[in-house]
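Written out below as structure tokens is the structure these notes cover.
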Amino acid sequence: MLIDTFQRPIKDLRISVTDRCNFRCSYCMPFDEYVWIDREEILTFEEIELLARVFVDLGVERIRLTGGEPLLRKDLHKLISRLSSIDSLKDLCLTTNGAYLAKQAAELKSAGLRRINLSLDTLDHEKFKKIVKRGSLSKVLEGLFMAKSEGFQPIKINAVIERGVNDEEIIPLVEFSMKHGFDIRFIEFMDVGNANKWKSDKMVPKKEILKEIEEKFSFEELGREQGRAPAVDYQLSGTTTRLGVIASVTEPFCSGCTRARLTADGKLVTCLFSEVGENLKMFLRQGASVQEMKDLIKNIWKERNDRYSEKRWEALYSENGYRAEDHKKIEMISLGG
Ligand code: SAM
Ligand code: SF4
Ligand code: SF4
């Protein structure tokens with residue numbers, strides 16, 4: 001089995017299919033314009049499929065398509081068809097902001113996609129505008145309910161909670177999810193990239209999120225899926241809704257981190273907080289064989305020693321504290337969250 005320097009196998013692959021996004025979420029892409037990756041630098045569907053098959057051969061069981069906004073990638077359903085035909089892949093998922101989901105849900109379903117994560121941080125139209133800057137909440141909700149009627153299961157709502165921005169949305173989001181049979185996952189605001197001006201006091205810790213929910217609803221802890229998923233899950237009593245919290249800041253889970261990331265321009269990144277990635281596309285386009293690509297990825301994984309969130313946690317509670325701005329990282333849009 002392929003393992004890194006901390007004995008962690010490679011099990012999950014997040015593939016960013018585009019760095020473009022139609023939203024400008026304050027916690028992710030706050031600026032109006034970015035220097036976008038040139039089109040010819042973006043991996044083709046053939047290249048993504050080839051690399052995905054290599055990763056699966058090396059032990060990857062679950063693939064998640066992300067971005068930027070993955071539904072902006074033309075004909076994404078064709079990529080889904082290619083990936084869903086990989087025999088030993090156990091799970092294929094898509095993370096989307098939902099704005100184009102109403103249009104594409106049916107073709108994504110027919111292509112073999114079974115489950116969706118949808119980002120939704122508020123049910124309030126005004127707050128929504130403030131957070132994402134562009135786009136409309138109604139379109140996202142339309143996409144969400146279209147996905148439900150197409151039979152995607154489970155549909156998980158992801159909400160990043162930022163103090164003073166949407167911390168009053170926790171209970172409405174839980175109630176909404178229970179009412180409509182969605183799962184709900186809260187994510188601690190993280191210092192991904194360099195643009196979001198992260199400060200620890202803007203982050204609402206897992207304990208606080210759960211305490212608030214506990215005052216209104218009862219739930220039972222289920223733990224982490226496969227024992228190593230980023231979210232700790234809970235079952236909301238008397239409902240089909242699973243509640244999850246991803247506490248990357250206050251309860252880091254690096255010791256169980258089996259995730260690799262492939263950027264839209266073909267770089268392998270072994271940690272969400274990496275400064276650089278390894279350019280797989282360059283080797284691929286120079287004519288490397290499948291075996292050579294496999295060996296390359298193997299060697300990168302064997303050397304992996306990332307544990308950024310654990311180190312951040314240690315620094316946060318140390319005398320000197322932690323300053324996000326001292327750490328240069330790849331932006332979330334090119335990395336794929
Ligand atoms: N555009 C798609 C979407 O928003 O779902 C996919 C890409 S987005 C980068 C993937 C996930 O990263 C989303 O659930 C988003 O909420 C999350 N995310 C982005 N910036 C974050 C931050 N600073 N802290 C925590 N989660 C973040
Ligand atoms: Fe776009 Fe998703 Fe980032 Fe929001 S979180 S700016 S929707 S990539
Ligand atoms: Fe994995 Fe890096 Fe996140 Fe730790 S900080 S859980 S190593 S992605």
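Read the numbers this way: they start at 1 and go in the same order the structure lists the ligands and their atoms. In what follows, residues are counted from 1 in the order of the sequence shown.
Using a 4.0 Å cut-off to heavy atoms of Asn158, the atoms of ligand 1 that qualify are 14 (O). Atom numbering of ligand 3 starts at 1 in the shown order; those under 4.0 Å from a heavy atom of Asp306 are 7 (S). Per-residue contacts place Ser309 under 4.0 angstrom from the following atoms of ligand 3 (heavy atoms of the residue considered): 5 (S). Residue-ligand proximity, Gly67 to ligand 1, at heavy-atom distances under 4.0 Å covers atoms 7 (C), 9 (C). Heavy-atom contacts of Phe273 reach the following atoms of ligand 3: 5 (S) (cutoff under 4.0 Å). Close approach of ligand 3 to Tyr308 is summarised as follows: ligand atoms under 4.0 Å from at least one heavy atom of the residue are 5 (S). Within the listing of ligand 1, atoms 2 (C), 3 (C), 5 (O) sit less than 4.0 angstrom from a heavy atom of Asn97. Ligand-side atoms of ligand 1 in range of Glu69: 1 (N), 2 (C), range being under 4.0 angstrom from any heavy atom. Atom numbering of ligand 1 starts at 1 in the shown order; those under 4.0 Å from a heavy atom of Asn196 are 23 (N). With ligand atoms numbered from 1 in the order given, ligand 1 contributes 19 (C), 20 (N) to contacts under 4.0 Å with heavy atoms of Cys28.
The side-chain heavy atoms of Val165 and Phe189, taken from C-beta on, include no pair separated by under 4.5 Å. Two residues are said to be in side-chain contact when any heavy atoms from C-beta on lie closer than 4.5 Å; Ser255 and Phe6 fail this criterion. Side-chain contact between Tyr27 and Asp121 is present, with heavy atoms from C-beta onward closer than 4.5 Å. In this structure, the side chains of His125 and Ser138 come closer than 4.5 Å at one or more pairs of heavy atoms.
In this structure, Arg163 pairs ionically with Glu208, as a charged nitrogen and a carboxylate oxygen lie closer than 4.0 Å. Contact check on Glu49 versus Arg53 returns a salt bridge, with a Lys/Arg side-chain nitrogen under 4.0 Å from an Asp/Glu carboxylate oxygen. Under 4.0 Å is where a charged nitrogen must lie from a carboxylate oxygen, and between Lys199 and Asp201 no such pair does. A salt bridge links Glu314 to Arg307: at least one charged side-chain nitrogen sits closer than 4.0 Å to a carboxylate oxygen. Lys78 has a carboxylate O that lies under 4.0 Å from a charged side-chain N of Asp75, or vice versa, which qualifies the two as a salt bridge. By the 4.0 Å N-to-carboxylate-O rule, Asp265 lies close enough to Lys267 to be salt-bridged with it.
In summary, no N, O or S atom of Cys271 is located under 2.8 Å from atom 1 (Fe) of ligand 3. Residue side and main chain included, Cys28 places an N/O/S atom under 2.8 Å of atom 3 (Fe) of ligand 2.
The shortest N/O to N/O separation between Phe189 and ligand 1 does not fall below 3.5 Å. At a 3.5 angstrom cut-off on N or O pairs, Thr66 does not count as close to ligand 1. Below 3.5 Å of separation, one finds no N or O of Asp121 facing any N or O of ligand 1.
Around atom 6 (C) of ligand 1, the closest heavy atom drawn from Ser26, Ser119, Gly68 belongs to Gly68. The option from Val192, Leu65, Ile246 that lies nearest to atom 22 (C) of ligand 1, judged by heavy atoms, is Val192. Counting only non-hydrogen atoms, the option in Cys21, Gly67, Cys25, Ser26 that gets closest to atom 1 (Fe) of ligand 2 is Cys21.
Judged by the shortest distance from any of its heavy atoms, Gly68 lies inside the 4.0 Å radius around the atoms of ligand 2.
Shown are Phe186, Phe219, Phe217; of these, the ring pair (Phe, Tyr, Trp, His ring centres under 6.0 Å) with Tyr234 is made only by Phe219.
With a 4.0 Å heavy-atom cut-off, ligand 1 is reached by no atom of Asp191. Residue-level proximity to ligand 1 for Thr95 is carried by backbone and side chain together, each with a heavy atom below 4.0 angstrom.
Between the side chains of Thr241 and Ser177, no donor-acceptor pair of N or O atoms lies under 3.5 Å.
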